[in-house]
S.K.: 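The structure is given below, and queries will be raised subsequently.
Protein chains get the first letters and strands the later ones, always in sequence-line order, with residue 1 at the start of each. Because the structure is predicted, anything quoted here is derived from the model rather than measured.
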2 protein chains.
Amino acid sequence: MSYSFGMGNSETHSGSVQSVDRAVTILEVIARTGLAGVTDIAAELGVHKSTASRIVSTLEARGLVEQDQHRGKYRLGLGILRLAGATTARLDIVQEARPIAKRLAEQTGETINVAVLSDGAALYLDQVSGNASVQSHNWVGQRIPLHATSNGKVLLSGLSEAGIRTALETKLPTYTPHTVTSIPHLLTEVAEVVAAGHSIVIDELEVGLTAVSAPVRNAHDDVIASISVSGPGFRFTNTKVDAAKDLLVAAAADISARFGWREH
Amino acid sequence: MSYSFGMGNSETHSGSVQSVDRAVTILEVIARTGLAGVTDIAAELGVHKSTASRIVSTLEARGLVEQDQHRGKYRLGLGILRLAGATTARLDIVQEARPIAKRLAEQTGETINVAVLSDGAALYLDQVSGNASVQSHNWVGQRIPLHATSNGKVLLSGLSEAGIRTALETKLPTYTPHTVTSIPHLLTEVAEVVAAGHSIVIDELEVGLTAVSAPVRNAHDDVIASISVSGPGFRFTNTKVDAAKDLLVAAAADISARFGWREH
DNA sequence: GCGTCACGTTGCATATTACGCAACATGTGC
DNA sequence: GCACATGTTGCGTAATATGCAACGTGACGC
């Protein structure tokens, strides 16, 4: 057998189990493509079809992936959701924020997200949809740059100026014509967020997407998370954003209170 | 090496990758215990500590698990959330519910409907007829007020009291002499639905129409949809409703499981 | 309706890879 | 400070995962 070195992805520390590593890669490939066949997977891994088939088959027996029909393509399975449930169960922020986020979703009819700072990006931990009918997009687990979202700007607002500069020193991608990538401009915006206690962002990440965010703080006044209400611009209009903003700020204060924060 | 036969858990179809299977077991063990050490894991798998250590280490490198401190115990990682986000993104209530709804239609001989909450009304997404002979009515695409149907009451049962009041604050039409329009009365009924886990409604929307509904839930225990069995009262009698109720609740649990819900 | 193709699956032989062992770190409690 | 428990790491062995090739199946096109 000849194995291609340098999978480019994971530098195995010392003793790493190859097939397990490949299994995880397979899960990520399927997560990225949504639906993947054995041949595609094998090509991506650089292994023989049979190898991919066997690993996928193992994952299927354990419910982490499912196949459409017999001998069909593979997709992620419900076993993942059970694991995810156990994951969020240990996250304090999700536990404390969820009931309040649900209420906020009911009140606004829009989608609520909870994000935290993680390695210079906004990591989305939880999402509650206002209208269960059409799950527009699921951000959970995604890492989004800080400069293009309201959550990101709120999370930045909890940092020192030096911290902000550090967080923004990577390349800032442009997503739409409205994306702000100038550091001075961003610093000004973050200062405004600090003053206002919330952040409103329109069309900066996706055209047609409007979002408003507020900080969740702990007893030391640190910003530990950001919570947002977001929806399509045609529905989530200025007036509604303004109404949602007040509810959101109150909800964020409620959650903050659960972490020992007190208004001063 | 001596491997213990009969892992008792998974009967490997034909070619199954042992270490991948073990990795999944490890994830499940950690999910169950919340926090697990290498020694515990090794004992549970019936393998040597070193084996468990290496697999866990691989999972850690890929973000599926994390360890508390250096050389600490392991817990599930945030990488799981990325996969989960991709999983829920593809989940579609109609698609997941349809095979189970079809089976339920065959078992009961009556009509099955699936509805979700949408802007303060029940939006009917799918319908499966038991006996094609008398195609009663096609509800798909219709929006029905929440107070007059069993599906509506189930959907209300997933909301907070404030949310229920908001949803009911519009004018509540009277369809038949049996339609309930009193808010306190409806609140009591919804509380009963929460307790019972299902809703039975007779003649409230149309005289001669009997329906029983049960909630479909996700991993967070949110009510994401309602599924119903309904038929004409002269045929869908009390006894039959009672029998259908048990099948329905089981079917709803099946669908819920597909969204990561677990009985607790 | 038949031939061709593409795809997923499965015996089998090989040797690569994962395993158990034992020794080594590193805390932790008595 | 000693004994213990726990997580990690070389090392040699062989069990296990892999590639190969053949098979089963379904889809498409001629």
S.K.: Taking the basic N atoms (NZ, or NE/NH1/NH2) and the acidic carboxylate oxygens, is any pair closer than 4.0 Å for Asp21(A) and Arg62(B)?
M.R.: yes

S.K.: Would you tell me whether Gln67(A) and Tyr74(A) have side-chain atoms, one donor and one acceptor, within less than 3.5 Å of each other?
M.R.: yes

S.K.: Going by an N to O cut-off under 4.0 Å, is there a salt bridge joining Glu110(B) and Lys240(B)?
M.R.: no

S.K.: Minimum heavy-atom separation for Ala52(B) to Ile26(B), with atom names?
M.R.: O-CD1, 4.4 Å

S.K.: Quick one: Asp40(A) CG to dG8(C) C1', roughly how many Å, whole number?
M.R.: 12 Å

S.K.: CG of Asp21(B) versus P of dA15(D): gap in Å, rounded?
M.R.: 19 Å

S.K.: Is the distance from OP1 or OP2 of dT6(D) to the nearest side-chain N or O of Gln67(B) less than 4.0 Å?
M.R.: no

S.K.: Which residue, Val38(B), Val47(B), Ile41(B), forms the side-chain contact (heavy atoms from CB on, under 4.5 Å) with Ser53(B)?
M.R.: Val38(B)

S.K.: Is Tyr74(B) near enough to dT8(D) that one of its side-chain N or O atoms lies under 4.0 angstrom from OP1 or OP2?
M.R.: yes

S.K.: Nucleotides 23-25 of chain D: which of its N/O atoms have a protein N/O under 3.5 Å away?
M.R.:
{"unit_1": "dG24(D)", "atom_1": "N2", "unit_2": "Arg71(A)", "atom_2": "NH1", "d": "3.2"}

S.K.: Salt bridge or not between Arg98(A) and Asp222(B)? Use side-chain N to carboxylate O under 4.0 Å.
M.R.: yes

S.K.: Just verifying a value: how many Å separate Arg143(A) CZ and Ser118(A) OG, rounded to the nearest 0.5 Å?
M.R.: 4.0 Å

S.K.: Could you tell me if Ser228(B) and Asn151(B) have a donor-acceptor pair between their side chains, going purely by distance under 3.5 Å?
M.R.: yes

S.K.: With a 4.0 Å cutoff (strictly under), does any side-chain N or O of Ser53(A) reach OP1 or OP2 of dT10(C)?
M.R.: no

S.K.: Between atom CD1 in Ile41(B) and atom P in dT6(D), what is the gap in whole Å?
M.R.: 13 Å

S.K.: Between Glu169(A) and Arg165(A), does any NZ, NE, NH1 or NH2 come within less than 4.0 Å of an OD or OE carboxylate oxygen?
M.R.: no

S.K.: Please produce a list of atom pairs where a protein N or O lies less than 3.5 Å from an N or O of nucleotides 20-22 of chain D.
M.R.:
{"unit_1": "dC20(D)", "atom_1": "N4", "unit_2": "Ser50(A)", "atom_2": "OG", "d": "3.4"}

S.K.: Look for any protein N or O under 3.5 Å of an N or O in nucleotides 28-30 of chain C and output each such pair with its distance, or none.
M.R.:
none

S.K.: With the threshold set at 4.0 Å, does a side-chain nitrogen-carboxylate oxygen contact exist between Arg22(B) and Glu44(B)?
M.R.: no

S.K.: Should Arg22(A) be listed as having a side-chain N or O under 4.0 Å from OP1 or OP2 of dT18(D)?
M.R.: yes

S.K.: Using atom CD1 of Ile55(A) as one end and atom C1' of dT9(C) as the other, report the distance to the nearest whole Å.
M.R.: 15 Å

S.K.: Does Arg262(B) have more than 12 heavy atoms from other residues, nucleotides or ligands lying within 6.0 Å of its CZ?
M.R.: no

S.K.: Could you state the atom-to-atom distance from CD of Glu60(A) to P of dG8(C) in whole Å?
M.R.: 13 Å

S.K.: Among Ile112(B), Leu247(B), Val128(B), Asp254(B), find the one that has a side-chain contact (heavy atoms from CB on, under 4.5 Å) with Arg103(B).
M.R.: Asp254(B)

S.K.: Quickly work out the Arg75(B) CZ to dG7(D) P distance and round it to whole Å.
M.R.: 15 Å

S.K.: Start at the 5' end of DNA chain C and walk down; is the nucleotide closest to Ser19(A) or to Gly37(A) reached first?
M.R.: Gly37(A)

S.K.: So, is Gln18(A) near the phosphate of dC19(C), with a side-chain N or O under 4.0 Å from OP1 or OP2?
M.R.: no

S.K.: Return the value, rounded to whole Å, for the distance between atom CD1 of Ile30(A) and atom P of dG8(C).
M.R.: 11 Å

S.K.: Given dG19(D), dG7(D), dC7(C), identify the nucleotide with an atom nearest to the side chain of Thr39(A).
M.R.: dC7(C)

